[in-house]
Amino acid sequence: MSIRFPSRDQLCQSIVSARSMAFPTTERERERRRIVIMCLPFFVLATFAGFVPLIVMARMSLSAENLENAGWSFAAWEALVTEPVYREIAWNTLWFATAATVVSVALGVVISHVLEKYSLPFENVLVAVVSFPIALPGIVVAFMAIVLLGRQGLVTNAVAVFTGSSAIDLASATSVFGLFLGYVYSLVPRATMVLRGTYAEVDTRAEEAARSLGATPFETFYHVTLPEIRPGIVAAFILTFRSALAIFGTVLILQALAVVTLRIDYEIGVGFNTQIAGAIGLVYALFLIAFTFVGLRFVSNKTVEI
């Protein structure tokens, strides 16, 4: 394998490009310099908040010692591949996040459609109510689930009164169902934000033409509106799925299902196993990056950016 060094012409061209960037003489060169200067803070942030932590996590996962990066060992990666508990955690994380995302995006489509297509009383209040969960930390969402669905919860005791069942038996806040409701409550506003932006760009003339030709509201939505908002649905799915994978406070309190974020907290706080935590964190981050880039291939340039 031979190493190719840059030619003299290539070196000269690089020097000229650097000089034109530092001392622009044309409008095009000045525009290029402005773009570089504007992007510089992002690259600095990406370096110290993204690339450096990934490198540290990679080194941590290959360390032979706990709580310090010393020596080299593949024990953490062998454990991730061979021990069933980590495969179970990965499976729980994927199916639960996918289910919560699908339901949240579907509800987001319904909410966005109603808000954009109908004139509703107190519409601003409804928008505020829908977007309110974004401001709530996951721990608060978990506490709200306990207040409603716990053993002393409002919904639990109301159902117990009407059915004659025990409130203890009906309590579901710390079950998978209660955790699922907490996730959906937090994710619906995120999906709705993206979809409302997409609905604003829908060609209403095509919908009106379909209705004038005798199409029902459902047929108009399915054949006309849905194809136009499909890129927005994909964008909402990407954003919502990433958010579902990152939720920590809710699952930390309810602890109904072992997922990646909860396991990382356990490995660091209980087991003091920084190698496993680093390996899980690295796989988690790389999966999110790959998922985002693959998902964006299905989003048109007109879709609201994430």
Participant: How far apart are the C-alpha atoms of Thr93 and Leu257, what are their side-chain angles, what is the distance that settles it, and do they pass the side chain to side chain contact (heavy atoms under 4.5 Å, CB included) test?
Facilitator: CA-CA 9 Å; Thr93 303; Leu257 192 68; over 6 Å; no
Participant: Could you check whether any side-chain N or O of Ser61 sits under 3.5 Å from a backbone N or O of Ala58, counting only pairs where one atom can act as donor and the other as acceptor?
Facilitator: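 The answer is yes, because a donor-acceptor pair under 3.5 Å joins these two groups.
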Participant: A side-chain contact here means heavy atoms from C-beta on lying under 4.5 Å apart; do Phe96 and Val176 qualify?
Facilitator: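 The answer is yes; the side chains approach within 4.5 Å.
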Participant: So, does Thr220 use its side chain to make a donor-acceptor pair with the main chain of Ala210 at under 3.5 Å?
Facilitator: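 Not at all, since once roles are kept as given, no pair shorter than 3.5 Å links the two residues.
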Participant: Report yes or no: does Glu65 contribute a side-chain atom to a donor-acceptor pair with the main-chain N or O of Gly71 at less than 3.5 Å?
Facilitator: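 The answer is no, because no donor-acceptor pair under 3.5 Å joins these two groups.
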Participant: Please tell me whether Leu154 and Leu136 are part of a single hydrophobic cluster in this structure, the criterion being side-chain heavy atoms less than 4.5 Å apart.
Facilitator: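 No, separate clusters.
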Participant: Please say yes or no: joined through hydrophobic side-chain contacts below 4.5 Å, possibly via intermediate residues, are Leu282 and Leu94 part of one cluster?
Facilitator: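 Yes: a chain of side-chain contacts under 4.5 Å links Leu282 to Leu94.
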Participant: Which label fits Phe221 and His113: parallel for a plane angle under 30°, tilted from 30 to 60°, or perpendicular past 60°?
Facilitator: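 Answer is perpendicular, since the angle exceeds 60°.
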Participant: Locate the shortest heavy-atom distance separating Glu228 from Ala206; write the atom from each residue and the value.
Facilitator: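 It is OE2-CB, 4.3 Å.
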Participant: Under a 3.5 Å distance rule, please check whether Glu78 uses its side chain to pair with a backbone N or O of Ala75 as donor and acceptor.
Facilitator: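 Not a single qualifying donor-acceptor pair exists.
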Participant: So if you build clusters from Ile, Leu, Val, Met, Phe, Trp, Tyr with side-chain heavy-atom gaps below 4.5 Å, do Phe180 and Ile253 land together?
Facilitator: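 Same hydrophobic cluster.
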Participant: What heavy-atom pair brings Thr101 and Phe241 nearest, and what distance separates the two atoms?
Facilitator: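 For Thr101 versus Phe241, the nearest heavy atoms are OG1-CA, 3.3 Å.
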Participant: Identify the heavy atoms of Tyr86 and Ile276 that sit nearest to each other, and give their distance.
Facilitator: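 Between these two residues, the closest heavy atoms are OH-CG2, 3.6 Å.
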Participant: Less than 4.5 Å apart, any side-chain heavy atom of Tyr199 and any of Val109?
Facilitator: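 Yes. Closest side-chain heavy atoms under 4.5 Å.
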Participant: Leu254 versus Ile146: any side-chain heavy-atom pair under 4.5 Å?
Facilitator: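 Leu254 reaches Ile146 side chain to side chain.
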Participant: Which distance, rounded to the nearest 0.5 Å, do you find between the CZ of Phe248 and the CD1 of Ile139?
Facilitator: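 CD1 of Ile139 is found 8.0 Å from CZ of Phe248.
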Participant: Taking the side chain from Thr240 and the backbone from Phe237, do they hold a donor-acceptor pair closer than 3.5 Å?
Facilitator: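 Between the backbone of Phe237 and the side chain of Thr240 there is no qualifying donor-acceptor contact (under 3.5 Å).
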Participant: Taking the side chain as C-beta and beyond, is there a heavy-atom pair between Leu170 and Thr163 under 4.5 Å?
Facilitator: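 Counting from C-beta outward, Leu170 and Thr163 do come under 4.5 Å.
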Participant: Checking Tyr185 now: which residues fulfil side chain to side chain donor-acceptor pair (under 3.5 Å) with it, not counting sequence neighbours?
Facilitator: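 So Tyr185 forms no side chain to side chain donor-acceptor pair (under 3.5 Å) with any residue.
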Participant: In plain terms, say whether Glu207 and Arg211 are close enough for a salt bridge, that is, a side-chain N and a carboxylate O under 4.0 Å apart.
Facilitator: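 No, no charged N to carboxylate O under 4.0 Å.
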Participant: Evaluate the side-chain proximity of Trp95 to Asn92: yes if any heavy-atom separation is below 4.5 Å, no if none is.
Facilitator: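 Yes, their side chains come closer than 4.5 Å.
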Participant: Mind listing the closest non-hydrogen atom pair of Ala167 and Thr156 along with its distance?
Facilitator: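 What the structure gives for the nearest pair is O-CG2, 3.3 Å.
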Participant: Any side-chain heavy atom of Val141 within less than 4.5 Å of one from Tyr183?
Facilitator: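 SC-SC contact between Val141 and Tyr183 ruled out.
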Participant: Are the side chain of Ser172 and the backbone N or O of Ser175 linked by a donor-acceptor pair below 3.5 Å?
Facilitator: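 It does not hold such a pair.
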Participant: Take atom CZ in Phe143; do more than 12 heavy atoms of anything else shown fall under 6.0 Å from it?
Facilitator: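 Counting other residues, nucleotides and ligands, CZ of Phe143 stays at 12 neighbours or fewer.
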Participant: In terms of heavy-atom contacts, does CG of Leu252 have more than 12 from other residues, nucleotides or ligands at under 6.0 Å?
Facilitator: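 More than 12 within 6.0 Å, yes.
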Participant: So Trp77 and Val283, do their side chains get closer than 4.5 Å, heavy atoms only?
Facilitator: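 Yes, side chains in contact.
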Participant: Give a yes or no on whether the backbone of Ile55 and the side-chain of Arg59 come within a donor-acceptor separation of less than 3.5 Å.
Facilitator: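 Not at all, since once roles are kept as given, no pair shorter than 3.5 Å links the two residues.
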Participant: Give a yes or no on whether Phe132 atom CZ has more than 12 heavy-atom contacts from other residues, nucleotides or ligands under 6.0 Å away.
Facilitator: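 Not buried by this count: 12 neighbours or fewer within 6.0 Å.
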Participant: If I take atom CG from residue Leu262 and atom CD1 from residue Ile89, how far apart are they, to the nearest 0.5 angstrom?
Facilitator: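 The CD1 atom of Ile89 is 8.0 Å from CG of Leu262, to the nearest 0.5 Å.
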Participant: Would you call Thr250 and Leu179 a side-chain contact if the rule is heavy atoms closer than 4.5 Å?
Facilitator: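 Thr250 reaches Leu179 side chain to side chain.
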Participant: Check the side chains of Trp72 and Ser63 for a donor-acceptor pair under 3.5 angstrom, ignoring hydrogens and angles.
Facilitator: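 Not at all, the side chains of Ser63 and Trp72 share no donor-acceptor pair under 3.5 Å.
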Participant: Does Tyr118 share a hydrophobic cluster with Leu115, counting links as ILVMFWY side-chain heavy atoms below 4.5 Å and allowing steps through other members?
Facilitator: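 They do share one cluster, since a chain of ILVMFWY contacts under 4.5 Å joins Tyr118 to Leu115.
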Participant: List in chain and number order the residues that pass salt bridge (Lys or Arg N to Asp or Glu O under 4.0 Å) with Glu116, two or more places apart in sequence or in another chain; answer none if no residue qualifies.
Facilitator: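 Listed in chain order: Arg196.
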Participant: How long is the gap from CZ on Phe122 to CG on Leu126, to the nearest 0.5 Å?
Facilitator: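 One finds 9.0 Å between CZ of Phe122 and CG of Leu126.
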Participant: Quick one: CD1 on Ile289 to CZ on Arg242, what's the gap to the nearest 0.5 Å?
Facilitator: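 So the CD1 of Ile289 and the CZ of Arg242 are separated by 10.5 Å.
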Participant: Hey, could you give me the CD1/OG distance between Ile111 and Ser131, rounded to the nearest 0.5 Å?
Facilitator: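 If I round to the nearest 0.5 Å, the distance is 10.5 Å.
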Participant: First locate atom CG of Asn157, then atom OG of Ser165, and finally report the distance between them rounded to the nearest 0.5 Å.
Facilitator: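 Separation between the atoms: 12.0 Å.
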Participant: Counting only heavy atoms from other residues, nucleotides and ligands, does the tally under 6.0 Å from CD of Gln152 exceed 12?
Facilitator: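 No, CD of Gln152 has 12 or fewer neighbouring heavy atoms, counting only those of other groups under 6.0 Å.
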Participant: Tell me whether Ile268 is reachable from Leu245 by hopping between hydrophobic residues (I, L, V, M, F, W, Y) whose side-chain heavy atoms are closer than 4.5 Å.
Facilitator: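 Hydrophobic grouping puts Leu245 with Ile268.
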Participant: Shortest non-hydrogen contact from Pro189 to Ile134?
Facilitator: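 Looks like CB-CG1, 3.4 Å.
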Participant: Any idea which heavy atoms bring Ile280 and Val260 closest together, and the distance?
Facilitator: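 Ile280 and Val260 have their closest heavy atoms at CG2-CG1, 3.7 Å.
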